[in-house]
Undergrad: 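Below is one structure. I have some questions about it.
In what follows, chains carry the letters A, B, and so on, assigned in the order in which the sequence lines appear, proteins first and then strands, with residues in each chain numbered from 1.
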2 protein chains.
Amino acid sequence: MKQTRTNLSDADTRREAIVEAALAAFAQSGFAATPVTAVAALAGISQAYVFKLFPSKEGLFVAAVERCYERIEETLEQSAGRARSDDPNAILSAMGDGYAGLIADRTILMIQVHAQSAADVPAIRDAVRRGLARIVRFAKHRSGASDEAVQSFIAFGQLCHLITTADVFDLGEDWARLLARNIRHVPAN
Amino acid sequence: MKQTRTNLSDADTRREAIVEAALAAFAQSGFAATPVTAVAALAGISQAYVFKLFPSKEGLFVAAVERCYERIEETLEQSAGRARSDDPNAILSAMGDGYAGLIADRTILMIQVHAQSAADVPAIRDAVRRGLARIVRFAKHRSGASDEAVQSFIAFGQLCHLITTADVFDLGEDWARLLARNIRHVPAN
DNA sequence: AACTTCAGTGAGTACCTACTCACTCACCAT
DNA sequence: ATGGTGAGTGAGTAGGTACTCACTGAAGTT
């Protein structure tokens with residue numbers, strides 16, 4: 001029995017730290033190209049202990065993807081509360097602002113891109129589906145916007161991912177300006 | 001001197017075959033997770049010879065990405081010719097139809113997704129940029145549509161990629177139908 | 001003091017993979 | 001025949017990486 005702490009046990013604290021490190025590490029190089037040692041080093045522990053707390057590299061990646069979508073939903077929720085009116089489009093727009101801030105450091109954005117790329121692994125594909133389901137449902141019900149508006153919200157989010165991964169912002173060329181027009185972009189300080 | 005053939009030399013024929021094999025192999029597992037042996041096996045030659053014709057795995061992948069965007073541009077061009085009217089939106093719509101057919105077998109779609117995921121490699125990021133530039137410029141000038149319409153064309157293309165990688169078509173759930181609404185989808189044969 | 005529990009690790013194992021190199025073989029010109 | 005050229009490969013090398021396991025050490029329990 002462990003009731004000396006009302007907080008998480010030490011192992012759970014570690015698990016948290018590892019997921020956080022996994023977000024950062026996998027965001028950099030993706031699922032296949034990121035060794036578990038990189039995650040362990042970032043978390044400041046041995047690689048062996050990572051495998052004691054997570055069943056496999058795949059399981060660790062799935063945990064990171066889940067955390068990623070949780071954080072997106074939280075962010076949408078908070079920013080929806082900051083909308084100036086109850087107009088569905090105003091709420092969606094506020095969510096867009098919040099999301100732009102969230103992905104400023106690219107971590108959450110790149111995890112999604114890498115997860116999409118690794119979605120041939122069934123467990124990863126399922127995690128992406130569950131995450132998408134959460135976000136789409138939340139955006140729809142919280143904003144009350146039309147299906148078309150929510151779909152467009154997601155579509156332009158994907159465009160934003162593309163622009164960011166290819167570093168098209170601030171490129172100056174005609175096609176680049178066309179793509180990036182009116183896309184919210186918070187530079188990563 | 002080699003002028004007994006007006007066609008490609010044998011080495012160039014091989015190069016072609018290898019790029020074709022690379023498209024298929026990399027589309028399956030992505031850049032990092034696809035060994036060059038897989039490409040070689042698919043092309044029916046030894047791995048050593050692949051490295052004689054391409055400088056590195058990275059160079060091979062870049063060649064595949066370039067081929068991918070070439071094929072997209074060709075497809076857009078052909079399908080634009082089939083538009084029923086000169087109305088910009090009709091032309092863009094015809095391009096969308098053509099693209100939906102092109103990505104039916106997922107190869108061209110997945111190469112783009114994997115390239116985006118591997119875009120931290122400078123040469124790959126540049127290939128993506130060049131490809132995007134071609135497509136955006138072509139779509140804009142050939143259709144004569146507004147910047148907004150072209151941007152939307154690309155954004156919904158990205159949404160289509162997401163839906164496809166996560167296998168959301170035919171999922172039946174509310175959020176899945178919302179996302180896939182009016183997205184062209186040609187089932188793979 | 002003896003025992004249990006649990007966070008944590010060093011040092012493997014077994015396998016994979018990018019890339020190289022010395023070599024073969026078929027064909028052609030002289 | 002002889003020698004050159006270019007397609008093509010078998011057999012490496014060097015390094016990386018997912019995952020395992022026997023172990024340590026500290027803290028609590030009895």
Undergrad: Rounded to the Å, how far apart are B/Lys57 NZ and C/dC16 P?
TA: 15 Å
Undergrad: Between A/Leu53 and A/Gln47, which has a closest nucleotide on DNA chain C that is more 5'?
TA: A/Leu53
Undergrad: Any side-chain hydrogen bond (donor to acceptor under 3.5 Å, both in side chains) involving residues 37-65 of chain A? Give me the pairs, sequence neighbours left out, ordered by first then second residue.
TA: none
Undergrad: CZ of A/Phe61 versus C1' of D/dC19: gap in Å, rounded?
TA: 19 Å
Undergrad: Can you tell me the distance, in whole Å, between the CG atom of A/Asp12 and the P atom of C/dC6?
TA: 13 Å
Undergrad: Would you kindly say whether B/Asp105 and B/Thr107 are connected by a side-chain donor-acceptor distance under 3.5 Å?
TA: yes
Undergrad: Which one, D/dT9, C/dT9, C/dA18, comes nearest to the side chain of A/Tyr49?
TA: C/dT9
Undergrad: D/dT20 base to A/Lys52 side chain: any donor-acceptor pair below 3.5 Å?
TA: no
Undergrad: B/Asn89: which residues meet the side-chain hydrogen bond (donor to acceptor under 3.5 Å, both in side chains) condition with it, sequence neighbours left out?
TA: none
Undergrad: Output the single nucleotide from D/dG10, D/dA7, C/dA7 whose closest atom is nearest the side chain of B/Asp10.
TA: D/dA7
Undergrad: D/dC19, C/dT20, C/dT9: which one has an atom nearest the side-chain heavy atoms of A/Ile45?
TA: C/dT9
Undergrad: One thing to verify: whether A/Asp167 and A/Arg106 come together as a salt bridge, which I'm taking to mean a side-chain N less than 4.0 angstrom from a carboxylate O.
TA: yes
Undergrad: Check every atom of C/dA7, C/dA18, D/dC19 against the side chain of B/Phe51 and return the nucleotide holding the closest atom.
TA: C/dA18
Undergrad: Can you figure out which of D/dA18, C/dA18, D/dT20 approaches the side chain of B/Pro35 most closely?
TA: C/dA18
Undergrad: Can you check the A/Phe54 CZ to D/dT20 C1' distance for me, whole Å?
TA: 18 Å
Undergrad: Would you say B/Arg14 places a side-chain N or O within less than 4.0 Å of OP1 or OP2 belonging to D/dA7?
TA: no
